[in-house]
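Here the structure comes first, spelled out in structure tokens, and everything after it is commentary.
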Amino acid sequence: MTDTAALRHALVRAGRVLAIEEQGDYVAGHISLRIPDGDGRFLMKPAGIGLEEMTDDQIIIVDAEGQRIEGSLPRHNEVYIHSEVLRARPDINAVVHTHPLHTVVFSSLGVPLLPLSADATIFGDIGIFDETTDLIISSERGAAVARRLGDDNALILLNHGIVTAGVTVEEAVYYALKLEQACKIQLYAAWAGGAKRYGGAADARNRGLRNKRADLFKNVFDYAHRCACRNMGIVICEPIAPQAMQGCYDRNA
Ligand SMILES: [Zn+2]
């Protein structure tokens, strides 16, 4: 039986980070983390509370079919985003789904994400799931989202939000933060009359790879968590231990 204490706390920290970074939508938005050797079971934020309100002992355990098997708080009805992405992607362990404001607005424009910032270059030609703008409340819809995500780390849901996936919680959260920032910057450009100048495809790809690094995932996450703790009045007892720069990686290389 896997000891889930550390995994639970990783989810709690992620909830604080997502909230301080304005990914919260009242009590909507959720994050999950696969239980190693757990037959598809995963930990998940419960429904009915805000991302930053989650505590270690409130986190629920859900099976591979999306049914709550442990915990007393309710399960989000969009659980199938998590169960189906985790099923389709054994290479990743963490899934984030939120409704970030700028990304939702951006999704309505019907234009590609342009490499106007380092943030955008991480995602390349990001997909937009448009089979429905409704909530993903069936395993079939969850599987459709997983298919549209494919081998990528991030997907926009039309008029709805985002799905990001990572090997670690830190990685999945990093993509959520960076995608929202990229959409925000492109909206600013649109409001200013439209982007006129930006780098080419090869330039953007190289820049994107440099911004997909495990050390960045962790350092950005840890910093944002310290910010969240300061904001919430939580005493920070974890040492500041930044990771040294590690190599860039390309999942498709
Ligand atoms: Zn949603």
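Read the numbers this way: they start at 1 and go in the same order the structure lists the ligands and their atoms.
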Those residues at least two apart in sequence (or on a different chain) that pass ring-ring contact (aromatic ring centres under 6.0 Å, His included) with Y188 are W191
Run the salt-bridge test on R41 and D39 with the 4.0 Å N-O cut-off and return the result as yes or no.
-> no
Near the Zn ion (ligand 1), meaning under 2.8 Å, the protein N/O/S atoms are E78 OE1, H97 NE2, H99 NE2, H160 NE2
Hits for ring-ring contact (aromatic ring centres under 6.0 Å, His included) against H97, two or more places apart or cross-chain, chain-then-number order -> H30, H99, H160
Can we say R13 and E238 salt-bridge, meaning some charged N sits less than 4.0 Å from an Asp/Glu carboxylate O?
-> yes
request  = Before accepting this row, confirm whether a basic side-chain N of the pair K178/D119 lies closer than 4.0 Å to the acidic partner's carboxylate O.
outcome  = yes
Residues at least two apart in sequence or cross-chain that pass side-chain contact (heavy atoms from CB on, under 4.5 Å) with A176, listed by chain then number, are L18, Q23, V96, I162, T164
